[in-house]
Number of protein chains: 4
Amino acid sequence: MDPDARRAAILLAARAVFARKGYHKAGIADIVSEVGVARGTFYRYFESKRDVFQQILQSMMAEVVSVVVPIDVAGEIPPQVFANLDRLIRAITAEDVCRVLFSEALGIDEEADDALRAFYGQALGRIEAALQTGQGLGIVQGGDVRLKARCLLGLIKEPVVQASIDGADLDADQLVTEIHQLLQHGLLRV
Amino acid sequence: MDPDARRAAILLAARAVFARKGYHKAGIADIVSEVGVARGTFYRYFESKRDVFQQILQSMMAEVVSVVVPIDVAGEIPPQVFANLDRLIRAITAEDVCRVLFSEALGIDEEADDALRAFYGQALGRIEAALQTGQGLGIVQGGDVRLKARCLLGLIKEPVVQASIDGADLDADQLVTEIHQLLQHGLLRV
Amino acid sequence: MDPDARRAAILLAARAVFARKGYHKAGIADIVSEVGVARGTFYRYFESKRDVFQQILQSMMAEVVSVVVPIDVAGEIPPQVFANLDRLIRAITAEDVCRVLFSEALGIDEEADDALRAFYGQALGRIEAALQTGQGLGIVQGGDVRLKARCLLGLIKEPVVQASIDGADLDADQLVTEIHQLLQHGLLRV
Amino acid sequence: MDPDARRAAILLAARAVFARKGYHKAGIADIVSEVGVARGTFYRYFESKRDVFQQILQSMMAEVVSVVVPIDVAGEIPPQVFANLDRLIRAITAEDVCRVLFSEALGIDEEADDALRAFYGQALGRIEAALQTGQGLGIVQGGDVRLKARCLLGLIKEPVVQASIDGADLDADQLVTEIHQLLQHGLLRV
DNA sequence: CATGAATGAGCTTTCATTCAT
DNA sequence: TATGAATGAAAGCTCATTCAT
């Protein structure tokens, strides 16, 4: 088995184990028995339990970030926004991403916390910038973009997180539609 | 010191410790040294570390639930909604509530997970019911109330969680205003 | 059992175990099973395996140093020298002192190495000073006192170390006599 | 590369590594990376870490033993003694010999301990025999030759060991002179 | 009832050794 | 024959929990 494949296999197993048991209940024993290698093998590929976790975190964050593409203001904007939304929801709906990124990541250690802060900072920064541009174009409501960005993030994240907590499946299309409507008309009828 | 007071003191200390260090990094040693009692005393009042945590969780959930009062459909509705919103945000903005309830609670054990599921189930159930009533009264947009409820929860929760992650303060009034606007007009200008 | 006694018991057991098996082959398991306490108990009294070892080393060095008393130049010198010699040999003849101090101490870690260097530095410094005084008084041969001190140390140490290696007993009196003769007349007959 | 040369190269590297880091801190990884061969190759030439160490020990002991040549009683004795002394000191002054033979060798395992005991037994036996001969010739002081031999060994060994501990250089000539003087006249002036 | 020393299961990590390529 | 990835026993250490005082 070539090193890259093995490394990937361990990473995959670790992802599954962390998603299933959470960081603290997951033991190296769980991971290696899942891959079918010896304990020592794990340490040939990763420095420590924290190390694998960090790498999984990083790759998950990168995956999530990568699906959001900058909006081309020359083109039609709403379709681009909703395409992003759609991809984003599908990205974070993956069972393991959701559990690891949204429930387990915080509080492991300073390094992971920093990475997570950076991730949220980057994500929120992008959303804020987009909203600001939107305000300039007159297509986004006025007000504090900082808070708006956070609300928007929650709007997207929470249904996914709740579905994960419930162990229920999530209809991404329906969610996109619902969020779409919310963004355009709000929740209340005036 | 009478038992109830002592029990309360331990509970309070544990809350602070869990909020400060998180469930896993918090040790019984931290809690007892905070209260100034011996380790053994802790176990006279609580069965285990998980036990205190559960009780704290329960009381936090009760606090949060209690601030949301049913809406009197006979009276004017929007002010009641926003009063609820305001109280809710203030309730979950408390540093310890936010950290414990939203970051630490999930994944401790099955029992806590169940409690949390029940909490979210109850909270979302209430919101859903209110939205359904609203739809009947024609003051809430049509569509899936289940998803709407989850979005609404996220809308409220996320800015608070992010402020906690950033270690930043949150202007509750401003947040209420922002959410108010979002609920009424959405994020986009049509 | 009071803490001081328990601490002393663990220290004693550790001393015996280190002397018997050497630092590296000695496990915490050996030590605690020797005292009859649980693993955790060990760590209530000592921070780590290195920590006990360091403390044992320190106490052994202190024991050895303490038996050598400064020479009163006002009084008769040779008896004082030989009394020191006698006490010193008896001190380092103790089986565990010899093994731990002379065979195991070097190379555990930087801290222990420094402590040992300091110990030898102090011991040799004292001997050098005494020799220098002796040269001033005309009772010690001329020449490099630094080297003389080291030779003298070896003269004393080696027979003890060899006895320990052989597992043989050592007649301290006879050794003192022999060293006495060597110091006064050398090994060769002119 | 022919097997003998490779074997020699590994032996040399292992010597250097053991001298530099000590037996326990030295890893097979250190040795093989020093030679530039793979781990597996090491095990084609040596059975185990202990095995290389033993062989190094044996060769060091042989080197040291070889420099001491029997004294020809027909010829002039003192020059022969001092020539032996001189060669011996130079032999054990080699940094790696000193560290490996005098600090690391004891306590690795039973086999090494036996080898070391045999080495010291042989060395001391020779010295004793020489001293006995010397006593017969009337050029060595009377008394227990067993102890005398051990003292003599320490006299030689200790300055070398101390220099190694200090990381200082040793002037072999000066040491020979000093020991010479000590053997002839003792340390004290009568 | 309060105490806090004692407990020991269980964790992560290391590294000499093996063996398929 | 050389390789180096894989192995897994064994080590040190932690900490929630217990229980004699």
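Of all nucleotides present, only E:dT3 satisfies the Watson-Crick or G-U wobble test against F:dA20, with each distance under 3.5 Å. If you check F:dA9 for Watson-Crick or wobble pairing at under 3.5 angstrom, you find it paired to E:dT14.
The CZ-P distance, from D:Arg44 to E:dT17, rounds to 16 Å in whole Å. Atom CD1 of B:Ile28 and atom C1' of E:dT7 are 16 Å apart (whole Å). Here F:dA5 presents its C1' atom at 14 Å from OH of D:Tyr43, a figure rounded to the nearest Å. The distance from atom CG of A:Asp2 to atom C1' of E:dT21 is 14 Å, rounded to the nearest whole Å. One interatomic measurement links the two molecules: NZ of C:Lys25 to P of F:dA10, which rounds to 14 Å at whole-angstrom precision. E:dC11 atom C1' lies 15 Å from atom CZ of A:Arg50, rounded to whole Å. For C:Ile10 and E:dA6, the CD1 to C1' distance is 10 Å, given to the nearest whole Å. Atom pair B:Phe46:CZ and F:dT17:C1' shows a separation of 16 Å (rounding to whole Å applied).
Residue order along DNA chain E, read from the 5' end via each residue's closest nucleotide, puts C:Tyr45 first among A:Lys49 and C:Tyr45. Of the residues near DNA chain F, B:Thr41 and A:Gly40, the one whose nearest nucleotide (by heavy atom distance) lies more toward the 5' end is A:Gly40. The residue among B:Glu47 and A:Phe42 whose nearest nucleotide of DNA chain F is located toward the 5' end is A:Phe42.
B:Phe42 does not carry B:Lys49 over the face of its six-membered ring by the limits of under 6.0 Å from the centre and within 45° of the normal.
A salt bridge links B:Arg15 to B:Glu63: at least one charged side-chain nitrogen sits closer than 4.0 Å to a carboxylate oxygen. Electrostatic pairing of A:Arg117 and A:Asp114 counts as a salt bridge here, judged by a charged N lying under 4.0 Å from a carboxylate O.
Backbone-only contact: B:Gly27 has heavy atoms under 4.0 Å from sugar-phosphate atoms and none from a base. Residue A:Val37 is in sugar-phosphate contact alone, with no base atom involved, counting any heavy-atom pair closer than 4.0 Å across all strands shown. Within the nucleic acid shown, B:Arg6 comes within 4.0 Å of sugar-phosphate atoms alone, with no base atom in reach, counting heavy atoms only.
In this model, no side-chain donor or acceptor of D:Arg39 finds a partner on the base of E:dT18 within 3.5 Å.
If you check F:dT3, E:dT12, E:dT17 against the side chain of D:Ala38, the one that comes closest is F:dT3.
Although no hydrogens or angles enter the test, the distance criterion places a donor-acceptor pair under 3.5 Å between the side chain of C:Ser59 and the main chain of C:Ile56.
The only option from D:Glu95, D:Glu104, D:Glu34 that meets the salt bridge (Lys or Arg N to Asp or Glu O under 4.0 Å) definition with D:Arg20 turns out to be D:Glu34.
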